[in-house]
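In what follows, every heavy atom counts, from backbone to side chain, and hydrogens, waters and symmetry copies are set aside. By convention in this document, chain letters (A, B, ...) are assigned in the order of the sequence lines, proteins followed by strands, and residues within each chain are numbered from 1.
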Amino acid sequence: MADNTAPSARHFIHDLVEADNAAGRWGVWPDSGRPRVHTRFPPEPNGYLHIGHAKSICLNYGLAEQYGGRFNLRFDDTNPVAEEEEYVQSIIRDVRWLGARWPGMYDDRARPAAPDEAIKAGVLFGSDYFGQMYDWAVELIKKGRAYVCDLSGDQVSEYRGTLTKPGRNSPWRERGVDESLDLFERMRRGEFPDGSRTLRAKIDMAHPNLNLRDPVMYRILHQSHHRTADAWCVYPMYDWAHGLEDSIEGITHSICTLEFENHRPLYDWFIDAINEGRTDDGSGPWGRKVHHPQQIEFARLELSYTVMSKRRLLELVRDGLVRGWDDPRMPTLSGLRRRGYTPEAIRAFAADVGVARFNGVIDIVRLENALREHLNRIAPRRLAVLRPLKLVITNWPESGDGAVDWLDAINNPEDVAAGTRRIPFSRVLFIERDDFHENPPKGYFRLFPGNEVRLRYAYFVRCTGCVKDPATGEVTEVHCTYDPATRGGDAPDGRKVKGTIHWISAAHAIDAEVRLYDHLFARPDPDDLSLSGSAHEPGAVPKNWKDNLNPRSLEVLKNCKIEPSLVDAGMAHDAFDIPNPDRFQFERLGYFAVDSESRSGALVFNRAVSLKDTWAKIARKG
RNA sequence: UGGGGAAUGGUGUAACGGUAGCACGAGUGGCUCUGGACCACUUAGUCUAGGUUCGAAUCCUAGUUCCCCAGCCA
């Protein structure tokens, strides 16, 4: 993942890791002798990954890579109610696409026989540790640190107390060890209905941190699991399971987001409870001590003009407010990928925003800039006209030998190695509707009657007039004359033009559909329900975050004209069907990627991001 | 009102008792066959009030504001 698009910015976690390394806290890797740094990314397979997860992946994988450590991809799949195989597949693809690598993963170059299974190579699952977790739970019961509680869900929360009032002990708290043992075993065997009992840690019902008020460790769930099927009728809660998963894998730095800070004492309590009666050399009554990772919290990523919670993203998908998890307007990795984002751009963005403990909101233009920066360097330039207006060169031959002129065009001014291509020029062209004004605004230096501009890579043309629809007054055709001496775009007499516009030869143009995107939400903060009213019904007050969706987030242009060299534009797929669309800069317009719905003969492009538009800024100011 | 965190230009992030820096944005100019890219310059900040110190964003005290926690979700 190390590349020059993601300079490693220093942050407080580097300091912590380096302090640990200097102190020899985690020992060394046997093979390299380097201090052990072992991180992980632990998603729950209950939704698609989004750009916020990318920050975490880059952080965790980046640390492992930087310190010569290891990185695990592990599913935290402890709640079968919400989890699905589809999510497992998408998450692995996204992590792989981003560039993270883990021990045992399938090599990119190999063509696996069964991609759906092969992609899981080296991927870990918390559910694989259910047996070990169960044994440790039994151990805690035996040590008098856990008990089976018969309280209902409502009663448990009632007994918990409130933020300011202490809770009360469960009447089952002092139940005998043998009885709890028996009950827990029968819970596991499925003798009791869902919700009838739980296994709870015996800590302190008056603890000021609510997480320590005898938290539930196991609940009864007669629910088939995507991996363990019907093997279990009890499933561990996150707080119990998560730290153990990290412990089992030897994770040194368990990096998570700020809201889990309150859980750290519990995470530590569980490991300490297991280690009670254990020793480093295994001589204690309970054997050898288990590994105790260090949890470190950082601020999750928030972005303006979008939402970043899985619950809300799922709601957008389920309500049909977007076209699916990979809708190019979504902040999901699959959406960004379809939109045209590159892993490099996302990594550079993650490095750019940094890692800290302050919960702020990143301006989404930072993400867009990261993409521009990468695509500016690598995207081949092409000519495309989104809103075509016919331009006739009245002094150009209509037919015969000189009717078509093939001109050299530079593929990428940022990369000379990209070379050149030839584009056809002829009498009738299409230009961008925006590039002609019969009565130009102040400061406008494109085409208007009497003005001379350069047609990119072609000729200087001077506007001689236009044709309008008598009924509507709409301009239907612009007329120009060209200067033969300016072929290639330079005037031998040294005269200059202010404007250069793009064009497509009408006779050679390919039709394409282009989808333009704007921010998913009309306001920087979708939760902002104040102010001037709903984006959908001006004047109406938005009632919830969904009323702040941007009604203009998608604009479909069906009559676009693109240069003939784009006929073969498409997308590649790697061995695991992760798509990699061709991406181009359509000159003066922005960066565009081939959409997954694009077909030969019916090309569809997504605008990933526009070019910076200084003229729009000038025009706005008047 | 209990507990846990956090406050540095418009935004985000550095500075680890010693010149408040960087990026993005914004503004100005240069350059340009993309009103792109690039280059230069400018703008603007330590939450408040005390204290310690030769010296405080940093240490201390008090306050203010914001975030998280009362799932058998993660």
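- Remark: the backbone N or O of Ala491(A) is not paired with any side-chain donor or acceptor of Thr486(A) at under 3.5 angstrom.
- Panel note: side chain Tyr444(A), backbone Phe436(A); a donor-acceptor pair is recorded below 3.5 Å.
- With both ends at atom P, the span from U61(B) to A23(B) equals 37 Å, rounded to whole Å.
- The base of G36(B) is not paired with the side chain of Arg372(A) by any donor and acceptor separated by under 3.5 Å.
- Rounded to a whole angstrom, the distance from the P atom of U19(B) to that of G55(B) is 15 Å.
- Across all strands shown, Tyr591(A) has no heavy atoms under 4.0 Å from either base or sugar-phosphate atoms.
- Residue Pro413(A) is classed as a base contact, given a heavy-atom separation below 4.0 Å to a base.
- Taking the centre and axis of the six-membered ring of Phe584(A), the NZ or CZ atom of Arg382(A) falls outside the cone set by 45° and 6.0 Å.
- Between the side chain of Asn72(A) and the backbone N or O of Arg40(A) there is no donor-acceptor pair closer than 3.5 Å.
- The aromatic ring centres of His225(A) and Phe130(A) sit less than 6.0 Å apart.
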Check the pair Tyr267(A), Asp246(A) against side-chain hydrogen bond (donor to acceptor under 3.5 Å, both in side chains), reporting the backbone distance first and the verdict last. CA-CA 10 Å; Tyr267(A) 181 108; Asp246(A) 284 345; 3.0 Å; yes

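- Where Met237(A) and Ile618(A) each meet RNA chain B at their nearest nucleotide, the meeting point lying more 5' is that of Ile618(A).
- Arg620(A) places its CZ atom 13 Å from the C1' atom of G25(B), with the value rounded to the nearest Å.
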For ring-ring contact (aromatic ring centres under 6.0 Å, His included), just list the numbers for Phe586(A) and Phe605(A), CA-CA rounded to whole Å, side-chain angles, deciding distance to a tenth of an Å, and then say yes or no. CA-CA 11 Å; Phe586(A) 290 170; Phe605(A) 291 88; 5.3 Å; yes

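- Distance check on atom P: A26(B) versus C68(B) gives 30 Å, rounded to whole Å.
- Across all strands shown, Glu414(A) has heavy atoms under 4.0 Å from base atoms, whether or not it also approaches the sugar-phosphate.
- If you find the closest nucleotide of RNA chain B to Arg446(A) and to Glu83(A), the one lying nearer the 5' end belongs to Arg446(A).
- For the pair Asn262(A) (side chain) and Asn209(A) (backbone), a donor-acceptor distance under 3.5 Å is absent.
- The gap from the P atom of G27(B) to that of G36(B) amounts to 13 Å, rounded to the nearest Å.
- Note: NZ (Lys496(A)) to P (G35(B)) measures 15 Å, nearest angstrom.
- Nucleotide G36(B) holds its P atom 14 Å from the CG atom of Asn369(A), rounded to whole Å.
- For the pair Asp214(A) CG and A70(B) C1', the interatomic distance rounds to 14 Å; values are reported in whole Å.
- Between the P atoms of G35(B) and C16(B), the separation comes to 45 Å (whole Å).
- One distance of note links CG of Asn359(A) with CG of Leu301(A); it measures 10.0 Å at 0.5 Å rounding.
- Regarding Glu302(A), its CD atom lies at a distance of 14 Å from the C1' atom of C66(B), rounded to whole Å.
- Relative ring orientation between Tyr218(A) and Tyr134(A) is described as perpendicular, the plane-to-plane angle rising above 60° on a 0-90° scale split at 30° and 60°.
- Closest to the side chain of Asn79(A), from the set U34(B), A74(B), G35(B), is A74(B).
- Ring pair Tyr459(A)/Tyr482(A) is perpendicular by interplanar angle, where above 60° counts as perpendicular and below 30° as parallel.
- Asn46(A) comes within 4.0 angstrom of nothing in the nucleic acid, heavy atoms only.
- Side-chain atoms of Thr162(A) lie closest to A70(B) of the nucleotides G27(B), A70(B), U34(B).
- None of Arg588(A), Glu587(A), Arg456(A) except one satisfies the side-chain contact (heavy atoms from CB on, under 4.5 Å) rule with Thr500(A); the exception is Arg456(A).
- The aromatic ring of Trp615(A) sits over the base of G35(B), with ring centres less than 5.5 Å apart and planes inclined by under 30°.
- One atom, CH2 of Trp503(A), and another, P of U34(B), lie 15 Å apart when rounded to the nearest Å.
- Closest approach to the Asp15(A) side chain among G36(B), C72(B), C16(B) is made by C16(B) (side chain taken as heavy atoms from C-beta onward).
- In this structure, G71(B) is classed as syn because its glycosidic torsion stays within 90° of zero.
- Residue Tyr235(A) is out of contact with every strand shown, counting any heavy-atom pair closer than 4.0 Å.
- Under a 3.5 Å cut-off, the side chain of Ser90(A) and the backbone N or O of Tyr48(A) do not form any donor-acceptor pair.
- Regarding Asn211(A), its CG atom lies at a distance of 12 Å from the C1' atom of A74(B), rounded to whole Å.
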Detail all sub-3.5 Å separations between protein N/O atoms and N/O atoms belonging to nucleotides 40-43 of chain B.
none

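- Annotation: G45(B) and C24(B) have their C1' atoms spaced 15 Å apart (nearest Å).
- Of the candidates A74(B), G35(B), C24(B), the closest approach to any side-chain atom of His263(A) belongs to A74(B).
- To the nearest whole angstrom, the two P atoms, one in U42(B) and one in G3(B), are 49 Å apart.
- At a threshold of 4.0 Å, the pair Arg227(A)-Glu83(A) does not count as salt-bridged, since none of the basic side-chain nitrogens sits closer than that to a carboxylate oxygen.
- Residue Thr78(A) places its side chain closer to A74(B) than to any other of A70(B), A74(B), U34(B).
- The CD atom of Glu297(A) sits 14 Å away from the C1' atom of C67(B) (whole-angstrom rounding).
- Stem regions for RNA chain B, each three or more consecutive Watson-Crick or G-U pairs with both distances under 3.5 Å and listed by first number, read B:2-7 with B:64-69, B:10-13 with B:21-24, B:26-30 with B:38-42, B:47-51 with B:59-63.
- Atom name P, nucleotides A20(B) and A56(B): the rounded distance is 11 Å, in whole Å.
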Protein proximity profile, nucleotides 1-14 of chain B - base contact B, sugar-phosphate-only contact S, no contact -, cut-off 4.0 Å on heavy atoms: SBBSSS----BSSS

